[in-house]
A.B. asks: 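The structure is given below, and queries will be raised subsequently.
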Number of protein chains: 2
Amino acid sequence: MPKLGMEPIRKEALVKATIVEIGRVGSLDVTVSQIAKRAGMSSALAHHYFGSKEEIFLAAMRHILTLYGAEVRGALAAADGPDARLNAVLRASFSPGNFRREAVSAWLTFWVLAQTVPEARRLLAVYQRRLRSNLLSCLRPMAGARAEAIADGLGALIDGLYLREVLKSGPPDGPSAVAMLLEYLRIQMKEQTR
Amino acid sequence: MPKLGMEPIRKEALVKATIVEIGRVGSLDVTVSQIAKRAGMSSALAHHYFGSKEEIFLAAMRHILTLYGAEVRGALAAADGPDARLNAVLRASFSPGNFRREAVSAWLTFWVLAQTVPEARRLLAVYQRRLRSNLLSCLRPMAGARAEAIADGLGALIDGLYLREVLKSGPPDGPSAVAMLLEYLRIQMKEQTR
DNA sequence: AAGTTTATTGACTCGTCAATCAACAAAAAA
DNA sequence: TTTTTTGTTGATTGACGAGTCAATAAACTT
């Protein structure tokens with residue numbers, strides 16, 4: 001009973017199933033069959049639409065980055081003024097969604113992928129540039145020439161705090177990570193006035 | 001021609017070969033045969049001495065952490081006074097050795113492993129505690145009660161900067177990462193005096 | 001109605017790999 | 001010197017997995 005126009009539906013199902021499966025096993029050691037089964041189709045169909053396992057992973061990575069981008073945009077839209085906007089960007093990186101098992105595994109394994117798969121590296125670079133640009137647009141009004149250095153510091157701190165939160169034992173504590181970021185920002189801004 | 005007392009020699013060879021192979025492929029997708037071949041023995045012997053692939057990986061992880069620990073200890077021994085000691089600890093995380101392909105892959109894949117393998121998580125926790133304790137012993141004389149917060153910030157910043165250096169395109173720039181850490185430290189210390 | 005495109009899968013190929021085992025060799029212990 | 005322990009590997013097992021393919025069927029085109 002083949003309905004037409006299945007391609008986007010199947011692809012989306014596969015992408016979501018991929019992320020779930022990566023979260024379930026905690027690595028890229030996921031078979032196309034597992035993914036296809038969770039997405040409710042045969043593995044042959046998965047190959048039909050994506051061609052290879054690597055393409056499936058890259059599509060999943062794009063999806064994760066898209067989700068993150070949407071979250072940031074949403075938070076930014078509701079924020080007024082540089083201060084609130086900066087707050088929104090920082091909080092977005094530590095939202096509950098980013099601490100879900102699937103998201104954590106996705107990020108960690110994508111970092112590994114980025115070592116060797118050029119497209120994965122490119123996608124990661126896109127994300128970092130976007131974060132940096134978001135930070136800069138808030139920081140420039142407040143920090144002027146020092147905005148760049150502060151943005152770089154915040155960016156690295158975000159990644160490091162995220163890594164530590166997700167790998168420590170016990171539940172992650174997003175708010176305390178955000179507090180650390182705000183403290184960093186606070187002393188950087190105080191620095192501003194000599 | 002079996003010489004006796006081979007066990008430690010074989011194990012060491014396997015551990016080193018494991019790290020090289022992980023660096024070569026950039027992930028844990030390394031076969032026991034590849035490792036054994038590089039270490040100059042049959043895969044059966046690798047299983048004989050380690051029992052399973054996972055045990056080989058954990059031994060490799062212990063080795064990496066041991067190397068790092070030795071590097072820090074060495075740098076600390078040559079440093080006089082809290083300031084110099086702090087400098088030594090920070091620089092040790094961004095030494096050329098830590099930017100070698102094998103070390104990078106090892107750290108990234110161990111982070112992934114730590115999600116699901118308790119022993120890997122434990123080892124990572126040991127490393128983090130040691131780093132924290134090293135930082136604290138330097139910071140307490142300079143920062144008193146604020147030492148803990150500063151140590152946590154430095155720890156996260158180290159991980160985040162490392163991640164960004166190794167995943168960016170182009171060669172990593174250790175000194176600039178260290179400079180960022182020192183800048184963070186500088187403004188934290190300035191904060192000390194209101 | 002005939003032909004083309006899209007959807008779909010079961011079966012299969014070809015390869016790989018972790019782990020085991022039997023067997024052999026040499027040193028040490030008895 | 002017999003026995004035990006230690007070192008070592010080739011061959012094998014048993015399983016799994018990525019990707020292909022032929023075949024089936026529904027929809028759309030002409």
Side-chain angles (χ1 to χ4, degrees), chain A residues 1-61 105 109-110 112-113 116-117 119-120, chain B residues 1-61 105 109-110 112-113 116-117 119-120:
Chain A
M1 53 289 273
K3 320 268 174 69
L4 287 224
M6 285 274 92
E7 177 156 355
I9 296 165
R10 293 302 200 186
K11 280 194 165 182
E12 191 188 329
L14 283 169
V15 161
K16 289 186 177 171
T18 302
I19 294 168
V20 171
E21 285 298 300
I22 288 177
R24 203 175 58 75
V25 311
S27 76
L28 296 180
D29 279 337
V30 173
T31 72
V32 174
S33 295
Q34 283 166 6
I35 294 170
K37 185 173 184 181
R38 180 167 299 268
M41 72 195 77
S42 73
S43 71
L45 198 52
H47 277 104
H48 174 64
Y49 282 126
F50 277 104
S52 75
K53 195 175 166 180
E54 183 169 308
E55 283 302 318
I56 301 180
F57 284 148
L58 289 174
M61 186 164 174
S105 293
T109 57
F110 289 161
V112 170
L113 256 196
T116 52
V117 179
E119 175 68 4
Chain B
M1 53 290 273
K3 321 266 171 73
L4 285 224
M6 287 274 69
E7 178 156 356
I9 296 166
R10 293 302 199 184
K11 280 194 164 181
E12 191 188 329
L14 283 168
V15 161
K16 289 186 176 169
T18 301
I19 293 168
V20 171
E21 285 298 300
I22 288 177
R24 204 175 57 77
V25 310
S27 76
L28 296 180
D29 280 336
V30 173
T31 70
V32 174
S33 295
Q34 283 167 5
I35 294 170
K37 184 173 184 183
R38 180 168 298 268
M41 72 195 80
S42 72
S43 71
L45 197 53
H47 278 103
H48 174 65
Y49 282 125
F50 276 105
S52 77
K53 197 177 165 177
E54 185 170 306
E55 283 303 318
I56 300 181
F57 284 150
L58 289 175
M61 186 165 174
S105 293
T109 58
F110 289 161
V112 169
L113 210 55
T116 52
V117 180
E119 175 67 4

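Numbered from 1 within each chain, the chains take letters A, B, ... in sequence-line order.
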A.B. asks: Roughly how many Å is it from NE2 in His47(A) to C1' in dT13(C), rounded to a whole number?
C.D. replies: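 For the pair His47(A) NE2 and dT13(C) C1', the rounded distance is 13 Å.
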A.B. asks: Could you tell me how far apart His48(B) (NE2) and dC24(C) (P) are, to the nearest whole angstrom?
C.D. replies: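 The distance from NE2 of His48(B) to P of dC24(C) comes to 18 Å, rounded to the nearest Å.
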A.B. asks: For the pair made of CD1 in Ile35(B) and C1' in dA19(C), what is the distance, rounded to whole Å?
C.D. replies: 14 Å
A.B. asks: Tell me the interatomic distance from Leu45(B), atom CG, to dA25(C), atom C1', rounded to whole angstroms.
C.D. replies: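 For the pair Leu45(B) CG and dA25(C) C1', the rounded distance is 14 Å.
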A.B. asks: Could you check how far CD of Glu7(B) sits from P of dA28(C), rounded to whole Å?
C.D. replies: 16 Å
A.B. asks: Side-chain N or O of Tyr49(B) versus OP1/OP2 of dT6(D): is the shortest distance under 4.0 Å?
C.D. replies: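 For dT6(D), neither OP1 nor OP2 has a side-chain N or O of Tyr49(B) closer than 4.0 Å.
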A.B. asks: Using whole Å, report how far CD1 of Ile56(B) lies from P of dC17(C).
C.D. replies: 14 Å
A.B. asks: Of the nucleotides dT8(C), dG17(D), dG7(D), which one has an atom closest to the side chain of Met6(B)?
C.D. replies: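 For the Met6(B) side chain, the nearest candidate turns out to be dG7(D).
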A.B. asks: In a check of side-chain hydrogen bond (donor to acceptor under 3.5 Å, both in side chains) between Glu21(B) and each of Lys37(B), Lys16(B), Arg38(B), which one passes?
C.D. replies: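 For Glu21(B), the side-chain hydrogen bond (donor to acceptor under 3.5 Å, both in side chains) test succeeds with only one of Lys37(B), Lys16(B), Arg38(B), which is Arg38(B).
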A.B. asks: Going by the side chain to side chain contact (heavy atoms under 4.5 Å, CB included) test, name the single residue among Glu12(B), Met6(B), Glu7(B) that passes it with Arg10(B).
C.D. replies: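 The single option meeting the side chain to side chain contact (heavy atoms under 4.5 Å, CB included) with Arg10(B) is Met6(B).
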A.B. asks: Would you indicate what Ser43(B) reaches in the nucleic acid, counting non-hydrogen atoms under 4.0 angstrom: base, sugar-phosphate, or nothing?
C.D. replies: nothing
A.B. asks: Can you work out whether Pro8(B) or Lys53(A) has the more 5'-proximal nearest nucleotide on DNA chain D?
C.D. replies: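 Looking at the nearest nucleotide for each, Pro8(B) comes out on the 5' side.
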A.B. asks: Determine yes or no for a side-chain-to-main-chain donor-acceptor pair under 3.5 angstrom, with Lys53(B) supplying the side chain and Val30(B) the backbone.
C.D. replies: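 Looks like yes, one N/O pair under 3.5 Å.
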A.B. asks: Quick check: on DNA chain D, is the nucleotide nearest Gly5(B) upstream (toward 5') of the one nearest Ala44(B), or the reverse? Name the residue that is more 5'.
C.D. replies: Gly5(B)
A.B. asks: Indicate yes or no: at least one non-hydrogen side-chain atom of Ile35(B) is less than 4.5 angstrom from one of Leu14(B).
C.D. replies: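 Touching, per the 4.5 Å side-chain cut-off.
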A.B. asks: Roughly, in whole Å, what's the span from NZ in Lys37(B) to P in dT9(D)?
C.D. replies: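 Those two atoms, NZ and P, are 14 Å apart.
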A.B. asks: Quick check: closest heavy atoms across Ala59(A) and Val15(A), and the distance to 0.1 Å?
C.D. replies: CB-CG2, 3.7 Å
A.B. asks: So, does Arg10(B) get its side chain near the phosphate of dT8(D), meaning an N or O under 4.0 Å from OP1 or OP2?
C.D. replies: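 Indeed, a polar side-chain atom of Arg10(B) lies that close.
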A.B. asks: Rounded to whole angstroms, how far apart are CD on Glu21(B) and P on dA18(C)?
C.D. replies: 12 Å
A.B. asks: Looking across every strand, which nucleic acid part, if any, lies under 4.0 Å from Ser42(A) by heavy atom: base, sugar-phosphate, or nothing?
C.D. replies: base
